[in-house]
Amino acid sequence: MRVHILGTAAAEGWPAVFCGCDTCRRARAAGGKDLRTRSSVQIDDDYKIDLPPDTFHHILRHNLDLSALKYLFVTHTHTDHFARHELEFILPGFSHGLSNGPLRIWGNEAVVERLQWLARRPDAPVTVSPAEPFVPITADHLTFTPILAEHAPPEQCLNYVVNSETAAVLYACDTGMYGKTTMEHLAAYRFDLMIVECTFGDTNHRPIHHMTFAGVLQLRDRLAKAHAVDSRTEIVITHFSHNMGRLHDEMVSIAAPEGVIVAYDGMTLETA
Ligand SMILES: [Zn+2]
Ligand SMILES: [Zn+2]
Ligand SMILES: [Zn+2]
């Protein structure tokens with residue numbers, strides 16, 4: 001699997017849209033890896049997780065061709081992950097030559113409900129299907145298993161485990177520390193790669209529905225105990241808020257001693 005990390009910011013982006021804080025000022029001055037857009041990943045050419053409001057920017061910056069996209073898996077309806085209005089532009093007249101249409105969209109009940117306007121149109125080149133927690137979805141050569149995130153109830157927010165024949169990847173974004181059911185489910189895997197949100201960095205925040213760096217290490221250690229993570233597992237952190245106060249290199253100097261990789265927009269990862 002080739003995992004292309006398109007965006008690595010929390011909801012407000014970084015520099016945040018209207019923010020004049022010191023961290024955003026420093027990010028504007030530094031540029032490069034300190035400019036973070038809203039979170040999403042593309043896997044190989046056919047698969048994408050989430051449709052953030054920066055999708056058009058991602059197309060321009062990374063030369064993506066979403067006319068070839070075959071599967072879109074949505075985690076939840078927060079606007080930084082699900083800019084549903086962009087899907088209007090897949091309709092006839094706005095888009096032509098979809099090489100893998102219809103685009104198959106999967107999401108929780110709230111996502112499916114918010115896409116009814118599109119799914120009901122007979123000319124819309126999409127299918128919209130409900131993703132049930134822990135029920136695997138086979139999508140050509142990959143399997144996506146939705147897992148229950150700890151995020152923004154009462155919406156049943158999802159994260160995904162992505163499996164090829166030889167590799168297992170966890171996309172843990174957005175979530176707080178997983179509950180018992182999800183932890184028990186994850187114990188059955190042996191992860192090659194985990195991409196985990198770290199919204200609050202190494203701050204002293206104690207978020208329930210997001211993660212800190214300490215939380216990421218705790219998740220790693222709990223999964224290591226269950227043999228789902230070992231020394232070969234790459235652990236990558238993403239979905240950063242400017243409120244964490246660390247620029248990219250500063251976060252790298254905190255994460256690297258723990259063997260954790262700090263994602264940046266455009267980073268590409270390969271698994272077997
Ligand atoms: Zn988010
Ligand atoms: Zn700021
Ligand atoms: Zn969210």
Side-chain angles (χ1 to χ4, degrees), residues 5-42 48-55 57-58 72-86 106-114 131 133 146-160 170-179 182 194-203 205 207-213 215-216 219 236-248 250-251 262-265:
I5 301 185
L6 305 174
T8 58
E12 63 274 42
W14 191 348
V17 181
F18 293 105
C19 192
C21 81
D22 181 56
T23 316
C24 285
R25 285 184 207 283
R26 291 200 295 139
R28 281 189 195 98
K33 291 177 183 173
D34 287 304
L35 303 180
R36 299 184 183 275
T37 62
R38 271 63 72 93
S39 296
S40 174
V41 293
Q42 178 142 349
K48 188 172 179 349
I49 300 180
D50 284 339
L51 186 73
D54 298 322
T55 298
H57 167 87
H58 293 158
L72 173 64
F73 293 88
V74 181
T75 55
H76 64 303
T77 60
H78 284 172
T79 53
D80 56 321
H81 298 261
F82 183 51
R84 59 181 165 145
H85 56 275
E86 292 289 358
W106 298 82
N108 65 16
E109 208 174 275
V111 168
V112 169
E113 189 192 306
R114 283 169 174 77
I147 58 169
L148 264 184
E150 196 68 31
H151 188 66
E155 182 174 342
Q156 204 172 53
C157 300
L158 301 174
N159 291 169
Y160 290 94
L170 171 65
Y171 188 66
C173 183
D174 291 352
T175 190
M177 184 58 69
Y178 289 131
T182 295
M194 291 176 31
I195 302 169
V196 186
E197 75 133 274
C198 189
T199 304
F200 289 103
D202 67 324
T203 63
H205 278 67
I208 301 170
H209 297 138
H210 283 295
M211 296 283 264
T212 58
F213 186 60
V216 172
L219 176 65
V236 177
I237 49 178
T238 186
H239 195 278
F240 299 107
S241 163
H242 59 132
N243 291 320
M244 83 172 189
R246 305 270 191 208
L247 293 193
H248 183 269
E250 296 163 357
M251 198 61 219
V262 181
Y264 54 86
D265 286 23

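Nothing here was measured: the structure is a model prediction, and the numbers come from that model. For ligands, and for the atoms within them, numbers begin at 1 and follow the listed sequence.
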Near the Zn ion (ligand 2), which protein N/O/S atoms are found at less than 2.8 Å?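 Listed by chain and number, the atoms are C19 SG, C21 SG, C24 SG, H242 ND1.
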Is the backbone of P52 close enough, under 3.5 Å, to the side chain of D80 for a donor and an acceptor to pair up by distance?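 It does not hold such a pair.
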Would you check if the side chain of D54 reaches a backbone N or O of H57 as a donor-acceptor pair within less than 3.5 Å?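 Side chain of D54 to backbone of H57, a donor-acceptor pair under 3.5 Å: no, none is there.
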Minimum-distance N/O/S atom that [X] presents toward the Zn ion (ligand 1):
X    : result
D174 : OD2
H81  : NE2
D80  : OD2

Could you pull out all residues at least two apart from H210 that satisfy side chain to side chain donor-acceptor pair (under 3.5 Å)?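 By the side chain to side chain donor-acceptor pair (under 3.5 Å) rule, H210 matches E197, T199.
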Answer yes if the side chains of D174 and H81 hold a donor-acceptor pair under 3.5 Å, and no otherwise.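 D174 vs H81: donor-acceptor pair found between side chains.
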Is there a donor-acceptor contact under 3.5 Å linking the side chains of H242 and E12?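 A donor-acceptor contact under 3.5 Å links the two side chains.
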For the Zn ion (ligand 1), decide whether C173 has an N, O or S atom at a distance under 2.8 Å.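 Given the 2.8 Å cut-off, C173 does not count as a ligand of the Zn ion (ligand 1).
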Among the N/O/S atoms of H76, select the one at the shortest distance from the Zn ion (ligand 3) and name it.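 Nearest to the Zn ion (ligand 3) within H76's N, O and S set: NE2.
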Name of the H78 N, O or S atom nearest the Zn ion (ligand 3)?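 Of the nitrogen, oxygen and sulfur atoms in H78, the Zn ion (ligand 3) lies nearest to ND1.
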Metal site the Zn ion (ligand 3): N/O/S of C157 inside 2.8 Å: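 Looking at C157, which is the residue asked about, there is no N, O or S atom under 2.8 Å from the Zn ion (ligand 3).
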Has H209 got an N, O or S atom lying less than 2.8 Å from the Zn ion (ligand 3)?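 So H209 does not bind the Zn ion (ligand 3) by this criterion.
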Compute the centroid of each ring, for Y160 and then for Y171, and state whether the two points are separated by less than 6.0 Å.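 For Y160 and Y171, the ring centres are not under 6.0 Å apart.
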Nearest 0.5 Å, what's the NE2-OG1 distance between H248 and T8?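 If we round to the nearest 0.5 Å, H248:NE2 and T8:OG1 are 8.0 Å apart.
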Where does the angle between the aromatic ring planes of H151 and H78 fall among parallel (under 30°), tilted (30 to 60°) and perpendicular (over 60°)?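 Perpendicular: the ring planes of H151 and H78 meet at over 60°.
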Once the angle between the rings of F73 and W106 is folded into 0 to 90°, is it parallel (under 30°), tilted (30 to 60°) or perpendicular (over 60°)?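 F73 vs W106 ring planes: parallel.
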Are there over 12 heavy-atom neighbours, none belonging to E109, within less than 6.0 Å of that residue's CD?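 It does not: E109 CD has 12 such atoms or fewer within range.
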